[in-house]
There are 2 protein chains.
Amino acid sequence: MKSENQSSPERAEPTKAELDILTVLWKHGPSTVRFVHEQLNTFKEVNYTTTLKQMQLMAEKGLLSRDESQMKHVYGVAEEEQKTKSYLLDRFVNHLYEGSAGNLVMQLLDSKKASKDEIKAIRALLDKLDEEEPTTQQ
Amino acid sequence: MKSENQSSPERAEPTKAELDILTVLWKHGPSTVRFVHEQLNTFKEVNYTTTLKQMQLMAEKGLLSRDESQMKHVYGVAEEEQKTKSYLLDRFVNHLYEGSAGNLVMQLLDSKKASKDEIKAIRALLDKLDEEEPTTQQ
DNA sequence: TTGATCGTACGATTTTTATCGTACCTTTGA
DNA sequence: TCAAAGGTACGATAAAAATCGTACGATCAA
């Protein structure tokens with residue numbers, strides 16, 4: 001069984017180190033500490049117990065859930081990847097772009113951070129949005 | 001051998017409190033500590049000397065520049081607003097969207113964070129990009 | 001059965017960020 | 001001229017985040 005801890009009305013902004021761990025779990029799915037630790041060490045140096053402690057703390061905070069039915073506990077993210085990212089994106093937009101997603105995108109496109117294919121994909125998405133919902137919010 | 005800290009030349013990721021200050025300066029241009037402090041206090045409580053110290057530190061770090069020809073020093077951002085934002089955006093995209101601006105935009109549009117007008121503006125920008133530079137980077 | 005290995009738990013400590021108290025200088029106006 | 005008001009400087013401290021050392025339980029192969 002997963003340990004439940006579903007109380008997250010108050011959401012915490014993941015710290016840097018936490019985000020690194022979340023990233024690994026998003027990419028690989030539920031994993032052991034050992035595995036996460038190895039992944040982290042491909043780009044930074046940390047002691048095993050540091051990773052362990054970090055993940056324990058995160059589980060406690062409700063950022064991760066864990067299956068402790070085996071000795072090697074398996075940790076997974078507590079919330080949908082998209083949900084969390086969406087939240088972070090929201091904060092980002094609010095802080096840096098006065099809440100205007102358009103402003104952000106414009107800078108993104110303007111500074112050529114998007115590749116051609118990406119631009120194409122974006123346009124396609126725009127079209128799709130356009131036709132499926134003539135009446136949007138706001 | 002782990003890759004040593006090589007990320008970027010020397011740019012520091014502004015912390016939360018620092019970002020608040022930058023935001024004020026971006027919005028109002030070069031200002032005195034007093035003014036910034038008052039702005040900050042419209043949405044959070046901080047002591048005057050806290051703001052002062054923070055700004056001094058930021059100046060020391062190179063995030064702000066200051067004109068001390070008057071007793072009331074005037075602080076301004078050391079770097080273009082867009083340049084800094086662009087940097088932050090870049091980090092954000094890299095961390096959360098595997099460097100794919102397209103992914104970010106898609107989520108942005110998908111989760112309806114962009115208003116109709118914004119979408120329109122984005123499309124216009126796309127068109128402009130498209131015609132002016134058939135040969136893009138990357 | 002036993003010791004090497006691998007796992008978790010968790011208290012301390014270090015490092016980084018944020019905040020504040022206080023000293024002391026300048027300006028101003030009564 | 002002098003005290004109040006408002007400015008900077010800066011050391012200390014608090015709070016938050018990150019790291020590590022060590023204890024100790026389980027597993028497993030010899």
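From a predicted model like this one, the values you see are computed outputs, not experimental measurements. Numbers restart at 1 for each chain; the letters A, B, ... are given by sequence-line order, proteins then strands.
- For dT5(C), neither phosphate oxygen OP1 nor OP2 lies less than 4.0 angstrom from any side-chain nitrogen or oxygen of R34(A).
- The nearest whole Å value for the distance from the CE atom in M55(B) to the P atom in dC10(D) is 17 Å.
- Here the closest non-hydrogen pair linking Q54(B) and E18(B) is OE1-CG, 3.8 Å.
- In this structure, L52(B) atom CG and dT22(C) atom P are separated by 16 Å, rounded to whole Å.
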Practice problem: Please assess V105(B) against I122(B) for the test side chain to side chain contact (heavy atoms under 4.5 Å, CB included), listing each intermediate value before the final yes or no. | Solution: CA-CA 10 Å; V105(B) 174; I122(B) 291 167; 5.8 Å; no
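- Between D20(A) atom CG and dA17(D) atom C1' the separation is 13 Å, expressed in whole Å.
- An OP1 or OP2 oxygen of dA18(C) is reached within less than 4.0 angstrom by a side-chain nitrogen or oxygen of T15(B).
- The CD atom of Q70(A) sits 18 Å away from the P atom of dC6(C) (whole-angstrom rounding).
- In this structure, R66(A) reaches the dA9(C) phosphate: one of its side-chain N or O atoms is under 4.0 Å from OP1 or OP2.
- Distance CZ/R66(A) to CD/Q56(A): 6.0 Å, rounded to 0.5 Å.
- Nearest nucleotide to the side chain of M71(A), out of dG7(C), dT19(C), dT19(D): dG7(C).
- Atom CD in E60(B) sits roughly 9 Å away from atom P in dC10(D) (whole-Å rounding).
- The CD atom of Q54(A) sits 19 Å away from the P atom of dT13(C) (whole-angstrom rounding).
- The CE atom of M58(A) sits 13 Å away from the C1' atom of dA18(D) (whole-angstrom rounding).
- Taking atom CG of residue N47(B) and atom C1' of nucleotide dA14(D), one finds them 14 Å apart after rounding to whole Å.
- Mapping Q56(A) and K61(B) onto DNA chain C by nearest heavy atom places Q56(A) at the nucleotide closer to the 5' end.
- Put simply, the side chain of K53(B) and the base of dG21(C) share no donor and acceptor less than 3.5 Å apart.
- In this model, the phosphate group of dT19(D) is not approached by any side-chain N or O of T49(A) to a distance below 4.0 Å at OP1 or OP2.
- Using bins of under 30°, 30° to 60° and over 60° for the plane-to-plane angle, the ring pair Y48(A)/H37(A) lands in the perpendicular bin.
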Please set out all donor-acceptor pairs under 3.5 angstrom arising from side-chain atoms of residues 26-36 of chain B, sequence neighbours excluded.
residue : atom : partner : partner atom : Å
H28(B)  : ND1  : V24(B)  : O            : 3.3
S31(B)  : OG   : G29(B)  : O            : 2.6
T32(B)  : OG1  : F35(B)  : N            : 3.1

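- Each of T50(A) and Y48(B) was matched to the nucleotide of DNA chain D holding its nearest heavy atom; the match closer to the 5' end belongs to Y48(B).
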